[in-house]
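For reference, the structure discussed in these notes is given below.
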Amino acid sequence: MQYMMMFFEPATTFAERDDPSRAPDYWGAWKAYIDSLVSSGAMVSGNGLEPPSTATTVRLANGERLVQDGPAAATKEQLGGYVVLDVADLDAALTWAARCPAAASGAVEVRPVMPSPSA
């Protein structure tokens, strides 16, 4: 059985990724964690995500697609899973998001996948 871990961090911790004085410790801890997962054989796949400011959220209201810049705002909605798409552009991704069953009752957040850091 496979499980997906979605990592949620407060904005202050998330900002450490780009802070030159704190980034080495931040990324060092993540590298050690990921290396442990990989060496144990438990990790199947995973990606970091670009910041929430790059997200686009889609909702359906009365059959109409509503697009919001940024992550889903409703705090009581819980992440149920994710799918990685390989499409031409954001509009194509938003079209798929609007077709998702979750868009009718909750929200679908669309966010670019962070490129893998060079070794």
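Quick caveat: nothing in here was measured; it's all calculated off a predicted structure.
Val67 has its side chain within reach of Arg65: a pair of non-hydrogen atoms, C-beta onward, lies under 4.5 Å apart.
Asn62 places no side-chain N or O within donor-acceptor distance of the main-chain N or O of Glu64, the cut-off being under 3.5 Å.
The structure places CH2 of Trp96 at 13.5 Å from CG of Asp91, a figure rounded to the nearest 0.5 Å. Distance check: Leu90 CG to Thr56 OG1 gives 4.5 Å after rounding to the nearest 0.5 Å. With values rounded to the nearest 0.5 angstrom, Glu109 atom CD is found 5.0 Å from Thr57 atom OG1. Atom CH2 in Trp30 sits 12.0 Å away from atom CD in Glu16 (nearest 0.5 Å).
Around atom CG of Asp86, no more than 12 heavy atoms belonging to other residues, nucleotides or ligands sit under 6.0 Å away. Annotation: Arg22, atom CZ; neighbour count of heavy atoms from other residues, nucleotides and ligands within 6.0 Å does not exceed 12.
Residue Arg17 comes nearest to Tyr26 through the heavy atom pair CG-CE2, 3.1 Å, listed as atom of the first residue, atom of the second, then distance. The two residues Val87 and Ala93 make their nearest non-hydrogen contact at CG2-N, 3.8 Å.
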Open item on the list: If you apply the rule side-chain contact (heavy atoms from CB on, under 4.5 Å), what do you find for Leu66 with Leu60, and how did you get there?
Closed with: CA-CA 6 Å; Leu66 304 174; Leu60 290 180; over 6 Å; no
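Applying the salt bridge (Lys or Arg N to Asp or Glu O under 4.0 Å) rule to Asp69 yields no partners; only residues at least two apart in sequence or on another chain are considered.
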